[in-house]
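Data block below; observations after.
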Amino acid sequence: MRLAKKECVAMLLAGGQGSRLGALTAKIAKPSVPFGGKYRIIDFALSNCTNSGIDTIGVLTQYQPLILNSYIGDGKSWDLDRMHGGIQILPPYQRVGDSEWYLGTANSIYQNMDFIDQYRPEYVLILSGDHIYKMDYSLMVDYHKKMDADCTISVIDVPIKEASRFGILSSDESGRITDFEEKPKRPKSTQASMGIYVFKWNKLKKYLEIDDKNPDSSNDFGKDLIPLMLRSGEKLYAYKFTGYWKDVGTIDSLWQANMDLLGENGFELSEENWIIYSRHAEKPPHYTGRDAVIKNSIVSEGAVILGTVENSVVFSGVTIGENALVKDSVVMADVVINKDCVVNYSIIDEMVTIGPGLKIGKPKGEDSEITVIPRESVINNMGGLV
Amino acid sequence: MNALGIIFSDMQDWSMTELAAHRSVAAIPFGGRYRLIDFPLSNMVNSGINKIYLITSSKYRSLMEHVGSGKDWDLSRKKGGILVIPPYSSGETHGLYQGRLDALKRVLDYITSSKEKYVILSDSDMIYNINYQDVINCHEEKESDITAVYTKTNINKSTSIHKILYEFDQEGRAVDVLVYPVTNGTYNVGLNTWVMNKDFLESLLYDAIARNYKDFSYNVLSARVNSLRIYGYEYTGFYAHIDSLQSYYETSMKLLNMDNLQSIFYSKIGPIYTKTKDSAPTKYCSGSLVKNSLIANGCIIEGTVENSILFRNVRIGKNAVVKNSIIMQHGRIGDNAKLDSIITDTYAVVNKDRVLLGYSNCPFFIKKNSVV
């Protein structure tokens with residue numbers, strides 16, 4: 001059966017381990033790490049697609065895909081259970097001749113060229129599943145068309161101090177990219193690549209094939225493919241993005257991005273025309289007890305809060321017992337913090353049980369570090385932890 | 001499960017003048033994020049029923065919007081699923097349904113073409129959790145014609161007029177059925193849920209056509225109590241009948257008790273499903289103070305909330321104080337406003353500095369879309 005043609009197909013890179021997130025990604029891929037009270041990181045890219053009118057998405061998975069696969073399901077939570085297109089999970093697969101794991105970001109697309117070809121698209125949008133942001137991709141595709149670009153890279157201005165963590169590019173007045181360096185020691189500009197690319201599919205295909213034949217290539221978009229296209233004189237343009245955007249690749253940045261949701265001026269998740277969709281358990285509204293105190297926090301459905309919560313993100317189904325204190329922390333789904341516990345400056349992963357009467361984490365200060373309690377831990381005495 | 005579910009959305013809306021002014025009883029918002037229809041629907045789905053007819057007579061727009069394709073209850077199925085059946089005028093039959101029996105007569109072709117062995121009839125103004133398989137087992141054991149679910153409870157003259165009362169002999173067989181009586185005391189109060197064999201229901205309907213009967217409770221339960229084998233199935237868990245603004249308010253306030261909350265929403269039978277809305281988690285600002293309350297997602301709270309229920313996407317302004325109140329979805333309570341014992345319907349706006357007072361046995365109701 002010949003599938004319906006799609007103007008633009010999105011490919012979402014979700015196979016990375018996210019090793020800098022330590023215990024949080026021991027058993028799950030980075031895109032499925034919980035975020036913001038009821039979401040997982042991948043919800044942002046998927047919801048951006050839905051809200052931008054992109055309904056055909058391939059999700060490339062490799063590392064610990066179990067939770068990610070069952071989370072995505074048929075995609076109906078993001079309105080991606082479509083008659084034509086929709087969402088499809090693409091793990092590496094065996095074929096005649098050489099079969100390989102995905103060797104790099106570009107290689108994972110190379111291995112799935114047949115998937116993209118089915119839809120005969122004009123454009124391919126490459127996304128990564130580890131950023132927190134709201135972005136209308138359709139505007140970026142419009143820009144790409146207007147500039148008649150071969151590749152458009154979305155860029156954001158970063159502080160010069162942090163620039164060497166990113167792919168840094170320079171562009172001329174028209175926006176055409178003149179220089180691109182992945183994680184440069186001496187950055188020449190503050191325009192950082194957000195890892196979001198729009199390609200003309202025929203151009204991308206051509207360069208994927210060239211890149212694949214190069215034995216010295218690491219088959220990575222930032223390190224290999226983009227510099228190759230630039231050297232070959234193709235038209236690469238920078239698309240400037242100015243909203244909130246956070247790479248949550250480390251424990252600190254994940255904690256900070258959660259905290260960015262708090263307060264009157266926080267990153268807004270309840271914008272009516274840009275809903276962040278997610279898949280979540282059926283839970284009643286959350287209950288706050290007679291002695292509960294909740295300040296500067298967000299709390300999701302199904303939580304029961306009898307103690308005190310300050311400057312924290314509380315996920316659905318969490319129980320915080322009487323006289324317990326949770327401060328400067330991220331408490332993920334279905335965690336039970338029993339009475340009289342004190343939790344400071346911590347990330348508590350899903351389904352952990354703590355206490356009663358225990359202290360977790362050190363109060364947030366200049367030299368304190370974030371404490372991470374791994375998924376499904378049961379901590380009922382002081383032995384070994386904290 | 002080999003049963004067809006039939007839910008009536010609005011058999012008693014004459015008693016709910018405020019909340020059902022512009023919607024069927026089944027679509028009344030309840031418990032912070034639900035509508036009353038979610039309870040019978042979830043009970044049926046949790047019992048393994050996957051074919052449901054939802055019979056609705058009038059004011060059904062918000063109900064149809066809520067139910068949609070049924071996918072939030074896992075009822076968007078190739079086999080079975082949910083079918084909403086509003087009145088359908090053809091030939092001699094036209095106008096709204098005049099009672100349960102009249103409605104069933106007019107969907108007779110859908111009932112006869114069903115393959116299920118049993119039929120479960122339920123109204124949508126009851127809050128309780130039940131596994132209908134238990135009722136069917138009882139139905140089989142007693143070889144009943146009709147099995148009525150009931151609970152033993154105290155009623156008074158003001159509540160009894162919306163209830164069906166059963167008197168049973170020692171075997172559990174009904175010997176008398178009182179419909180909407182005026183009385184006080186402890187009674188076997190019907191939960192307006194009945195199980196029948198489908199074949200038996202068909203024969204009842206043919207009979208009703210021949211005699212022009214329209215009312216199930218009078219013409220069948222009460223009038224034929226001696227000739228039919230009507231048995232009771234006793235339900236003993238949490239139960240509430242939403243039949244007036246006052247009972248709506250009292251039942252809602254019962255949710256602020258953790259035991260009640262647990263028994264309704266975390267029962268062994270399964271969760272209560274509802275339409276997914278994708279609201280963000282609720283945001284508490286630095287000046288917020290919230291005690292003994294039930295708060296749905298999507299709210300932003302800057303003031304004080306006590307002994308209250310906030311539905312989705314409610315805003316509570318700075319220094320506002322909301323006590324003993326129910327604020328339905330998209331309610332806006334302005335800065336410094338004071339509310340006590342108030343029910344605001346959806347999209348109500350209370351401007352800043354307003355002071356609104358009801359009383360616990362007479363909550364003050366603010367209509368949908370009104371601006372105070």
Side-chain angles (χ1 to χ4, degrees), chain A residues 35-39 43 47 50 74 76-79 81 258 261-272 275-306 309-319, chain B residues 30-34 38 42 46 69 71-74 76 255-258 260-262 264-266 270-302 305-315 318 330:
Chain A
F35 178 82
K38 64 179 279 195
Y39 307 96
D43 288 331
S47 301
T50 299
D74 64 354
K76 75 173 171 187
S77 303
W78 303 269
D79 210 15
D81 54 334
N258 274 285
L261 301 172
L262 308 182
E264 285 83 345
N265 303 317
F267 178 51
E268 191 54 65
L269 297 180
S270 45
E271 204 184 320
E272 246 173 75
I275 290 171
I276 306 301
Y277 300 97
S278 71
R279 178 171 177 168
H280 43 90
E282 267 305 328
K283 296 270 171 65
H286 70 263
Y287 174 75
T288 58
R290 291 175 190 282
D291 301 314
V293 177
I294 307 172
K295 303 271 183 204
N296 195 37
S297 297
I298 60 171
V299 181
S300 195
E301 284 169 338
V304 172
I305 297 180
L306 307 178
V309 177
E310 283 178 37
N311 306 329
S312 295
V313 173
V314 177
F315 281 65
S316 56
V318 167
T319 302
Chain B
F30 180 80
R33 62 191 291 265
Y34 302 93
D38 295 335
S42 300
N46 288 331
S69 68
K71 74 174 174 182
D72 289 311
W73 298 264
D74 208 17
S76 174
L255 298 179
L256 299 179
N257 171 308
M258 277 298 287
N260 292 337
L261 197 66
Q262 289 284 334
I264 297 170
F265 295 112
Y266 295 96
I272 304 299
Y273 300 97
T274 189
K275 184 177 178 177
T276 309
K277 292 277 191 173
D278 291 285
S279 307
T282 280
K283 194 179 267 190
Y284 289 81
C285 300
S286 42
S288 67
L289 184 68
V290 179
K291 309 253 183 221
N292 192 40
S293 295
L294 206 55
I295 317 284
N297 271 359
C299 299
I300 297 178
I301 304 173
E302 299 183 81
V305 178
E306 277 181 47
N307 308 325
S308 295
I309 296 176
L310 305 189
F311 282 66
R312 287 158 167 160
N313 303 327
V314 166
R315 303 276 181 277
K318 289 195 179 82
H330 300 280

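Because the structure is a prediction, the values reported are computed rather than measured. Throughout, protein chains are lettered first and strands after them, A, B, ... in sequence-line order, and every chain is numbered starting at 1.
Nearest approach of A/Lys38 to B/Asn297, heavy atoms of both residues: CD-ND2, 3.7 Å. Taking all atoms of both residues into account, the shortest heavy-atom contact from B/Arg33 to A/Lys283 is NH1-O, 2.7 Å. Between A/Tyr287 and B/Met258, the shortest heavy-atom distance links the atoms CD2-SD, 3.4 Å. Across all non-hydrogen atoms, the minimal contact from B/Lys291 to A/Arg290 is CD-O, 2.8 Å.
For chain B, the nearby part of A/Tyr39 is the side chain; its heavy atoms alone come within less than 4.5 Å. Heavy-atom distances place no part of A/Asp43 under 4.5 Å from chain B, backbone and side chain included. Contacts of A/Ile294 with chain B are made by both backbone and side-chain atoms, with heavy-atom separations under 4.5 Å. For B/Tyr34, the part lying under 4.5 angstrom from a heavy atom of chain A is the side chain only. For A/Asn311, no part sits under 4.5 Å from any heavy atom of chain B, backbone or side chain. There is no contact between B/Glu306 and chain A, counting heavy-atom distances below 4.5 Å. Proximity to chain B is absent for every atom of A/Val309, based on heavy atoms less than 4.5 angstrom apart. Heavy-atom distances place the backbone of A/Leu261, and not its side chain, under 4.5 Å from chain B.
For A/Lys295 (side chain) and B/Ser288 (main-chain N/O), a donor-acceptor pair under 3.5 Å exists by modelled atom type. Without hydrogens or angle criteria, B/Lys283 side chain to A/Leu262 main chain gives no donor-acceptor distance under 3.5 Å.
Among A/Gly37, A/Ala303, A/Ala281, A/Ser278, the residue with the largest count of heavy-atom pairs under 4.5 Å with chain B is A/Ser278. Counting heavy-atom pairs closer than 4.5 Å to chain A, the top residue among B/Ile295, B/Thr282, B/Leu294, B/Leu261 is B/Ile295. Put simply, of A/Gly302, A/Gly289, A/Ser270, the one with the most heavy-atom pairs under 4.5 Å next to chain B is A/Gly289. Among B/Leu255, B/Leu256, B/Ile300, the residue making the largest number of heavy-atom pairs under 4.5 Å with chain A is B/Leu256. Taking chain A as the reference chain and counting heavy-atom pairs below 4.5 Å, the highest number among B/Gly298, B/Gly31, B/Ala296 is found for B/Ala296. Interface check for chain A: of the options B/Asp72, B/Asp278, B/Leu289, B/Asn307, the most heavy-atom pairs under 4.5 Å are formed by B/Asp278. The choice from B/Ser293, B/Cys299, B/Ser279, B/Ala280 that makes the most heavy-atom pairs within less than 4.5 Å of chain A is B/Ser293.
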- Task: Take B/Thr276 and A/His280 through the side-chain contact (heavy atoms from CB on, under 4.5 Å) test and state the conclusion after the steps.
- Result: CA-CA 9 Å; B/Thr276 309; A/His280 43 90; 3.9 Å; yes
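Considering only heavy atoms from C-beta on, A/Asp81 comes within 4.5 Å of B/Lys71 through its side chain.
A side chain to side chain contact (heavy atoms under 4.5 Å, CB included) with A/Thr288 is found for one member of B/Val290, B/Val305, B/Ile301 and no other, namely B/Val290.
Rounding to the nearest 0.5 angstrom, the gap separating the CD atom in A/Glu310 from the OH atom in B/Tyr284 is 14.0 Å.
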